[in-house]
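In what follows, chains are A, B, ... by sequence order, proteins preceding strands, each numbered from 1.
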Amino acid sequence: MSIQKPTLPKGTRDFGPIQMAKRNYILETIKSTFRLFGYQQLETPSMENLSVLTGKYGDEGDQLLFKVLNSGDFLKKVKGEDLEKGAANVLPKVAEKGLRYDLTVPFARYVVMNRNELTFPFKRFQIQPVWRADRPQRGRYREFYQCDADVVGTDSLICEAEILLMIRRVFAELKLEDYDIKINNRKILTGISEVIGEPGKEGELCVAIDKLDKIGWEKVQEELTQRGFTEDAVKKLEPIIDLSGSNDEKLAFLKGFLSESEEGLKGVAELEEVLKILAEFGEGQEHVDFDVVLARGLSYYTGAIFEVKVNNVSIGSVSGGGRYDNLTGVFGLEGVSGVGFSFGVDRIYDVLEELNLFPEDQTQSTNVMIGYFDEEGRNYGLKILNGLRSAGLSAEIYPDYAKVKKQFNYADKKQVPYVVMIGSEEIAQNKVTLKNLKTGEQEMHSLEEVIGMVKAS
RNA sequence: GUGGUUGUAGCUCAGCUGGUUAGAGCGCUGGUUUGUGGCACCAGAGGUCGUCGGUUCGAACCCGAUCUUCCACCCCA
């Protein structure tokens with residue numbers, strides 16, 4: 001029998017100890033921020049029934065769902081005629097479960113199933129992996145983590161303002177300074193499409209405008225024409241594309257531009273209110289940038305839209321979100337509005353790595369390692385080990401009888417800062433030798449002294 | 001889903017127009033040093049050249065398929 005090399009499925013990764021330390025640094029920052037703002041943690045199963053997942057992400061989304069083959073004889077419901085009709089006909093008979101595609105739909109399902117137990121407004125955060133059968137690329141994986149925070153059951157714009165505050169807090173903690181929180185409002189986009197004489201086409205409008213950064217205004221015009229926008233409409237759009245100035249200046253302009261659109265003015269008013277609430281918090285508009293052409297998640301967002309971009313790095317977009325009316329409508333619970341956003345941990349990881357912003361000592365796990373020469377030393381070491389741990393120091397003993405060189409090598413590789421060495425002399429004096437691996441200094445001390453010294457370092 | 005790209009030692013990569021026994025650096029193991037890691041020196045182990053098939057007297061090298069990697073598009077975090 002030939003030995004086969006193990007491999008990972010496409011688009012998945014292992015996280016080793018070093019990576020986990022760094023990931024936890026990011027995740028702890030995010031979690032503590034969510035908790036600080038009153039959000040409670042939720043977890044849902046990796047698998048959902050396909051009836052919950054399908055139809056929520058569009059045709060393209062359905063294709064990207066990982067389906068789980070039924071257990072046992074998964075073919076028992078399939079008939080010959082089903083096979084002839086094609087995959088779409090066979091699928092529901094061989095798979096009834098799928099891996100979750102995002103955290104929002106499972107959350108909506110949870111809210112509907114627990115509507116009578118929940119106290120609204122309900123603020124929840126959720127940090128779990130999601131799966132997409134996408135083609136992997138840099139910063140795009142088939143298994144990746146989302147960190148969502150949503151509040152449902154309120155229309156209050158305080159929530160929007162708090163999202164801005166949470167993003168700023170997380171980024172400040174992570175020492176990320178050069179970034180912009182782009183903010184816009186779906187209603188403004190709707191208003192613009194009305195005003196330029198193409199009502200109801202804001203979706204297409206935004207898909208095209210969204211590429212502005214990438215392909216430029218010229219190409220966007222081409223695409224708009226291709227999508228059936230009139231020349232007149234494209235021309236009317238021009239002042240929007242050129243819009244610049246402070247948030248307040250842009251809003252002032254839009255009030256005039258959108259004066260014919262009730263919906264558009266409502267969007268402007270909402271945005272103004274969010275900024276006003278921010279001011280009531282005693283906070284400024286640092287990093288907050290009203291971006292009229294920001295368009296994302298248009299199929300579900302109905303109010304505010306957020307996106308966070310880190311400047312001068314290869315992967316810019318690290319967070320996003322928005323307000324949606326009627327999150328739970330598809331599951332039969334009407335009128336539950338919510339607003340939420342999500343941090344992309346994997347991308348934040350890459351950004352921090354690129355900017356070299358991870359703290360130095362993230363990987364250090366053990367404070368002290370105990371080494372020894374013989375059985376007597378080992379047994380004495382076990383007592384010392386227990387003492388160190390009781391004092392709250394992370395400690396370990398080298399488990400095998402081995403050359404001192406090997407023991408020290410192990411400590412060095414693991415970046416353990418201190419080694420306690422035990423030989424006959426130490427036992428006789430009821431002390432231990434403490435060696436600082438960074439400086440190379442070593443001296444005999446009592447256990448209590450060692451505890452004090454290591455803790456002080 | 002469309003188009004392109006990559007695969008040689010644990011890692012990063014050499015390897016000529018197809019020609020004997022496939023190399024380097026780092027890492028690993030052992031030694032110089034049986035109460036001491038990093039540094040230095042010495043020695044050693046480790047490869048079905050992604051996989052399967054084809055062309056050829058002969059394939060890491062040419063051809064096909066497949067998997068994988070990365071990139072662009074679509075879309076998205």
Side-chain angles (χ1 to χ4, degrees), chain A residues 2-13 16 57-65 87 100-104 127-148 203 206-208 210-211 214-215 219 223 295-300 306-310 314-322 340-351 369-374 377 398 401-427 432-444:
Chain A
S2 67
I3 298 160
Q4 55 163 348
K5 286 184 195 165
T7 54
L8 281 174
K10 193 193 265 251
T12 66
R13 302 148 295 159
Y57 311 106
D59 289 344
E60 209 147 343
D62 284 354
Q63 290 219 307
L64 297 181
L65 284 174
R100 79 167 94 77
Y101 179 89
D102 69 1
L103 300 179
T104 308
I127 300 176
Q128 290 189 272
V130 304
W131 294 270
R132 295 183 189 179
D134 212 349
R135 191 173 284 210
Q137 252 179 66
R138 181 167 169 72
R140 294 177 74 166
Y141 305 98
R142 288 186 150 181
E143 177 184 63
F144 62 97
Y145 277 72
Q146 288 192 330
C147 306
D148 278 27
C206 292
V207 171
D210 201 35
K211 297 176 186 163
K214 244 187 207 167
I215 62 177
K219 296 263 180 189
E223 183 157 344
R296 40 164 291 143
L298 275 214
S299 51
Y300 40 96
F306 306 99
E307 172 152 38
V308 182
K309 284 188 174 154
V310 179
S314 50
I315 304 173
S317 178
V318 295
S319 173
F341 74 114
S342 177
F343 285 108
V345 217
D346 298 293
R347 290 188 174 182
I348 292 175
Y349 184 103
D350 288 345
V351 167
M369 190 202 80
I370 297 174
Y372 50 88
F373 297 97
D374 50 25
Y398 194 84
Y401 295 113
K403 287 182 181 167
V404 174
K405 178 177 177 135
K406 205 168 177 189
Q407 301 185 37
F408 269 91
N409 235 317
Y410 172 81
D412 188 46
K413 287 277 152 58
K414 210 169 163 181
Q415 293 186 48
V416 177
Y418 290 99
V419 170
V420 156
M421 209 57 207
I422 294 157
S424 51
E425 228 171 289
E426 284 83 356
I427 298 172
V432 298
T433 293
L434 179 71
K435 175 158 183 172
N436 180 329
L437 286 203
K438 270 209 185 97
T439 62
E441 290 163 9
Q442 67 176 51
E443 211 178 345
M444 268 212 255

For RNA chain B, the dot-bracket notation using Watson-Crick and G-U wobble pairs below 3.5 Å, [ ] for pseudoknot-type crossings and | for other-strand pairs, is ((((..(..((((.....[...)))).(((((.......))))).....(((((..]....))))))..))))....
Between the protein and nucleotides 25-31 of chain B, which nitrogen or oxygen pairs are less than 3.5 angstrom apart?
unit_1 : atom_1 : unit_2 : atom_2 : d
B:C28  : OP1    : A:K413 : NZ     : 2.6
B:G31  : OP1    : A:K403 : NZ     : 2.3

Roughly how many Å is it from CG in A:L437 to P in B:G37, rounded to a whole number?
-> 11 Å
When all nucleic acid strands are considered with a 4.0 Å heavy-atom cut-off, which category describes A:E426: base, sugar-phosphate, or nothing?
-> base
Are any side-chain N or O atoms of A:E426 and backbone N or O atoms of A:M444, one a donor and one an acceptor, separated by less than 3.5 Å?
-> no
Scan A:G377 against the nucleic acid and name what it touches under 4.0 Å (heavy atoms): base, sugar-phosphate only, or nothing.
-> nothing
Under 3.5 Å, is there a donor-acceptor pair between the side chain of A:S319 and the main chain of A:S342?
-> yes
Is the closest side-chain heavy-atom distance between A:Q128 and A:R100 below 4.5 Å?
-> yes
Between the main-chain N or O of A:Y101 and the side-chain N or O of A:R132, is there a donor-acceptor pair closer than 3.5 Å?
-> yes
Note, A:V130 side chain near A:F144 side chain (heavy atom, < 4.5 Å) = yes
How close or far is atom P of B:G37 from atom OH of A:Y398, stated in whole angstroms?
-> 14 Å
Please state the P separation for the pair B:C13 and B:U69 - nearest whole angstrom.
-> 16 Å
Check every strand shown and say whether A:E425 touches a base, only sugar-phosphate, or nothing at a heavy-atom separation below 4.0 Å.
-> base
Answer yes or no: is there a donor N or O on one side and an acceptor on the other, between the side chain of A:R13 and the main chain of A:E143, under 3.5 Å?
-> yes
For A:S424, report the nucleic acid contact type (base, sugar-phosphate, nothing); a contact means any heavy atom under 4.0 Å.
-> base
Does a distance-only test, which skips hydrogens and angles, find a donor-acceptor pair under 3.5 Å between the side chain of A:Q415 and the base of B:G38?
-> no
Quick one: label A:G440 by what it contacts on the DNA or RNA (base, sugar-phosphate, nothing), any heavy atom closer than 4.0 Å.
-> base
Could you give the distance separating B:C62 and B:U17 at their C1' atoms, to the nearest angstrom?
-> 12 Å
B:U36 base to A:Q407 side chain: any donor-acceptor pair below 3.5 Å?
-> no
Nearest-angstrom distance from the residue atom CZ of A:F373 to P of B:U36 = 7 Å
Measure the spacing between NZ of A:K438 and OH of A:Y418 and express it to the nearest 0.5 Å.
-> 8.0 Å
P gap between B:G38 and B:G30, integer Å | 12 Å
With rounding to whole Å, what would you report as the distance between B:U21 and B:C61 at their P atoms?
-> 15 Å
Distance in angstrom units between A:Q442 CD and B:U36 C1', rounded | 7 Å
Which part of the nucleic acid, if any, lies within contact of A:T433, taking any heavy atom under 4.0 Å across all strands shown: a base, the sugar-phosphate backbone alone, or nothing?
-> base
Within the side chain of A:Y145, is there an N or O that forms a donor-acceptor pair under 3.5 Å with the backbone of A:F343?
-> no
Side-chain contact, heavy-atom cut-off 4.5 Å: A:R347 with A:R140?
-> yes
Assert: residue with more 5' nearest nucleotide on RNA chain B, out of A:P9 and A:N436, is A:N436
Sub-4.5 Å side-chain heavy-atom contact between A:L64 and A:Y57 = no
When rounded to the nearest 0.5 Å, the distance separating CE of A:M421 from OH of A:Y372 is 9.0 Å
Atom pair CG (A:D374) and OH (A:Y401), whose distance is rounded to the nearest 0.5 Å = 8.0 Å
Distance, rounded to the nearest Å, where A:K435 contributes NZ and B:G37 contributes C1' = 6 Å
Where along nucleotides 70-77 of chain B does protein come under 4.0 Å, by heavy atom, of base (B) or sugar-phosphate alone (S), with - for untouched nucleotides?
-> -SBBBBBB
Separation of B:U36 atom P from A:F408 atom CZ, nearest Å, is 9 Å
For atom C1', what is the distance between B:G46 and B:U29, given to the nearest Å?
-> 10 Å
Atom P, compared across B:G27 and B:C11: separation rounded to whole Å | 15 Å
Output the distance between atom CZ (A:R142) and atom CZ (A:R135), rounded to the nearest 0.5 Å.
-> 8.5 Å
Atom CD1 of A:I427 and atom C1' of B:G35: how far apart are they, to the nearest Å?
-> 13 Å
Determine the Euclidean distance between corresponding C1' atoms of B:A60 and B:G3; express it in Å to zero decimal places.
-> 27 Å
For nucleotides B:C28 and B:G47, find the distance between their C1' atoms and express it as a whole number of Å.
-> 15 Å
